[in-house]
**Student:** 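Here it is, the structure in full.
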There are 2 protein chains.
Amino acid sequence: MLIATYSAEYRKRLQSATYFVKLGSMSRPNVFQTNCPIARVTAVIGEAWTLMVLREAFLGTRHFNDFERQLGIARNILSDRLKKLVEAGLMQRQPSATDKRAVEYRLTEPGRALYPVLIGLTQWASQYLCCGESALRFIDRATGQDIAPLSVQSQDGRALGLKDIAMVPGPDADQAMEERFEAASRAAQG
Amino acid sequence: MLIATYSAEYRKRLQSATYFVKLGSMSRPNVFQTNCPIARVTAVIGEAWTLMVLREAFLGTRHFNDFERQLGIARNILSDRLKKLVEAGLMQRQPSATDKRAVEYRLTEPGRALYPVLIGLTQWASQYLCCGESALRFIDRATGQDIAPLSVQSQDGRALGLKDIAMVPGPDADQAMEERFEAASRAAQG
DNA sequence: TAGGACCAGTTGCTTATTGCAACCTATAGC
DNA sequence: GCTATAGGTTGCAATAAGCAACTGGTCCTA
C-alpha cells in the first residue's frame with residue numbers, strides 16, 4: 001500500500017527520460033527507459049555511496065552528520081544521495097520533534113524491503129571477499145543462531161539453483177526482450 | 001574451493017589501500033579498508049555499469065561486442081569493467097577455441113553465486129519500481145510456477161523479518177564496530 | 001592470396017561527477 | 001548575547017564517464 005502512496009507520482013518520473021538522464025553517470029536514456037528491473041534498480045541505488053548510505057540507515061543512523069562521520073562521505077554527495085533516496089521513496093525526511101535544527105532520515109517500507117538484498121550482498125561478500133571472516137554476522141534473535149544463507153526457493157520451499165530457474169518475459173516485455181530470454185534460457189542450460 | 005584459487009592473491013590486493021583507492025570514484029581508503037562486507041562489495045560491484053554487465057552475463061552474453069550492443073555502454077568503460085570483474089574473480093576471460101579473434105567472458109563460481117542477490121534486486125524493483133509489471137519474471141523450470149519471493153530464513157526454515165534478526169560483530173570486528181552494533185540493535189527494535 | 005568485414009580492444013578529447021574546504025542559516029544552550 | 005551544533009550550499013580542482021576514431025589481428029570470400 002505504501003507503494004501506492006509514492007508510485008503514482010514517482011512512476012511518471014521513472015518513465016520520463018530526463019529523470020534517468022540525470023541519474024548516476026550512466027546518461028543513456030535508452031537503457032533506463034527499458035523496463036528491465038536491474039536497469040531501474042541501478043538508476044535508484046547504483047550510484048556511488050548510495051548502498052553505503054542505505055547500510056548506515058539499516059544500522060540505525062538517522063542524522064546527516066552521523067552519516068557523514070560514519071561513512072567519511074563528502075557533505076555535498078551525502079546531501080545529494082539522501083535527496084535522491086527520499087525522492088525515490090526509499091527514505092523519508094522528517095524534521096525532529098524535539099530539536100528544530102535536526103532532521104531525521106528513516107527508511108520507508110520500500111527501503112526496508114531491500115534488506116534481503118543487503119543480507120545477500122553481505123553473505124556473498126563475507127564468503128568471497130572477506131574469506132569467511134567478516135566484521136558482521138546476522139543472527140536469529142529467537143535462537144541466537146546464524147541465519148541461513150539466502151536461497152532462491154520455489155513456491156513449495158525447494159531450494160532452486162541457477163539451472164533450476166528460467167527467466168521469462170513479463171507483461172511489459174517487448175519482442176526484442178522475448179528473443180533474448182530464449183537465448184538466455186539456452187545459455188543457462190548449457 | 002574456487003574461493004581458494006583466487007582469494008590468495010586477490011585478498012592481498014583487497015587489503016592494500018591502493019587497490020581500493022583506485023576502485024570506483026570513492027577514493028576513501030579508510031572506508032574500504034574496514035572489513036564491512038557492504039563496503040567491500042561496493043568496491044567490487046558498486047561502480048556504474050558493473051551490475052548491468054553482470055546481468056548481461058547472467059543472460060548468457062559472452063562477447064565484448066554483444067555486451068556493448070545490448071547495454072549501449074561505451075567501449076572503454078566496458079573494457080574497464082570486464083577487466084575489473086576478471087581481476088576480482090567474478091568473471092573469467094577465455095580466448096575462443098573456434099575463433100581466434102573472439103574472447104569469451106563467463107561468470108565464475110563466485111560470480112554465479114551472486115544470483116540470489118540479482119534475483120532479490122529484480123523482485124524488489126519489479127514490486128517497487130515497475131509497479132508489479134516488469135519485463136522479467138523468474139519461473140521454476142520444474143513446475144513453470146513463479147519462484148517464491150526471496151526471504152531471509154533461520155536455520156530451520158522460518159521466515160525472518162527485519163526485526164527478527166540482529167547484526168552482531170564478527171571475528172574481524174573492532175571495538176568501534178561492536179559499539180555500533182549495539183546501537184543498531186536498539187534502533188532495529190524501536 | 002588480396003580485400004573487406006569482424007572481433008576486441010585503445011587513444012584522445014569533451015563533458016559530467018566526486019572530493020574538499022569554506023561558508024551560510026537557523027536553533028540550542030548557557 | 002555568545003558560542004556550539006545541525007543541516008545544508010557553493011566554488012574549485014581532480015577524477016571518471018561518453019563519444020568517435022583508430023589499431024592489430026583474424027576470418028571469409030573470390
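Being a predicted model, the structure only gives us computed values, none of them experimental. By convention in this document, chain letters (A, B, ...) are assigned in the order of the sequence lines, proteins followed by strands, and residues within each chain are numbered from 1. For the numbers below, each heavy atom of this structure counts, side chains included, while hydrogens, waters and symmetry mates do not.
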**Student:** Heavy atoms from C-beta onward define the side chain here; which of dG9(C), dG8(D), dA6(D) lies closest to that of A102(A)?
**Tutor:** dA6(D)

**Student:** Under 4.0 Å from OP1 or OP2 of dG19(C): is there any side-chain N or O of W49(A) that close?
**Tutor:** yes

**Student:** Tell me, with the steps shown, if D140(B) and T143(B) meet side-chain hydrogen bond (donor to acceptor under 3.5 Å, both in side chains).
**Tutor:** CA-CA 6 Å; D140(B) 175 3; T143(B) 66; 3.3 Å; yes

**Student:** Using the side-chain heavy atoms of F64(B), tell me which of these nucleotides is nearest: dG9(C), dA6(D), dA17(D).
**Tutor:** dG9(C)

**Student:** In whole angstrom, what separates L78(B)'s CG from dA16(D)'s P?
**Tutor:** 18 Å

**Student:** Look at the side-chain N and O atoms of S79(B) and state whether any lies under 4.0 Å from the OP1 or OP2 oxygen of dT10(C).
**Tutor:** yes

**Student:** Can you check whether H63(A) has a side-chain N or O nearer than 4.0 Å to OP1 or OP2 of dG7(D)?
**Tutor:** yes

**Student:** R93(B) side chain N/O closer than 4.0 Å to the phosphate oxygens (OP1, OP2) of dG9(C)?
**Tutor:** yes

**Student:** Return the minimal non-hydrogen interatomic distance between S154(A) and L160(A), and the atom names on each side.
**Tutor:** N-CD1, 3.4 Å

**Student:** In whole Å, I'd like the distance from the CD atom of E47(A) to the C1' atom of dA16(D).
**Tutor:** 13 Å

**Student:** R62(B) CZ to dG9(C) C1': how many Å, rounded?
**Tutor:** 21 Å

**Student:** Without decimals, in angstroms, what is the distance between N76(B) CG and dA21(D) P?
**Tutor:** 14 Å

**Student:** Side-chain N or O of Y105(A) less than 4.0 angstrom from OP1 or OP2 on dG8(D)?
**Tutor:** yes

**Student:** Considering all heavy atoms of both residues, which atom of A57(B) and which atom of M91(B) are nearest to each other, and what is their separation?
**Tutor:** CB-CE, 3.7 Å

**Student:** Identify the heavy atoms of Y105(B) and L82(B) that sit nearest to each other, and give their distance.
**Tutor:** CE1-CD1, 3.7 Å

**Student:** Write down the distance between CD (E104(A)) and P (dG7(D)), rounded to a whole number of angstrom.
**Tutor:** 9 Å

**Student:** Does K100(A) put a side-chain nitrogen or oxygen below 4.0 Å from OP1 or OP2 of dT5(D)?
**Tutor:** no

**Student:** Remember a base hit wins even if backbone is also touched, and classify D80(B) as base, sugar-phosphate or nothing at under 4.0 Å, heavy atoms.
**Tutor:** nothing

**Student:** Taking CD1 from I77(B) and P from dT11(C), how many angstroms apart are they, rounded to a whole number?
**Tutor:** 14 Å

**Student:** Check the pair D66(B), R69(B) against salt bridge (Lys or Arg N to Asp or Glu O under 4.0 Å), reporting the backbone distance first and the verdict last.
**Tutor:** CA-CA 5 Å; D66(B) 292 335; R69(B) 273 192 284 271; 3.2 Å; yes

**Student:** Ignoring hydrogens and angles, are the base of dC27(D) and the side chain of R101(B) linked by a donor-acceptor pair under 3.5 Å?
**Tutor:** no

**Student:** How many Å lie between NZ on K84(B) and C1' on dA17(D), as a whole number?
**Tutor:** 11 Å

**Student:** For the base of dA20(D), is there a side-chain donor-acceptor partner from R75(B) under 3.5 Å away?
**Tutor:** no

**Student:** N65(A) side chain N/O closer than 4.0 Å to the phosphate oxygens (OP1, OP2) of dG7(D)?
**Tutor:** yes

**Student:** Can you measure R69(B) atom CZ to dA8(C) atom P for me and round it to whole angstrom units?
**Tutor:** 9 Å

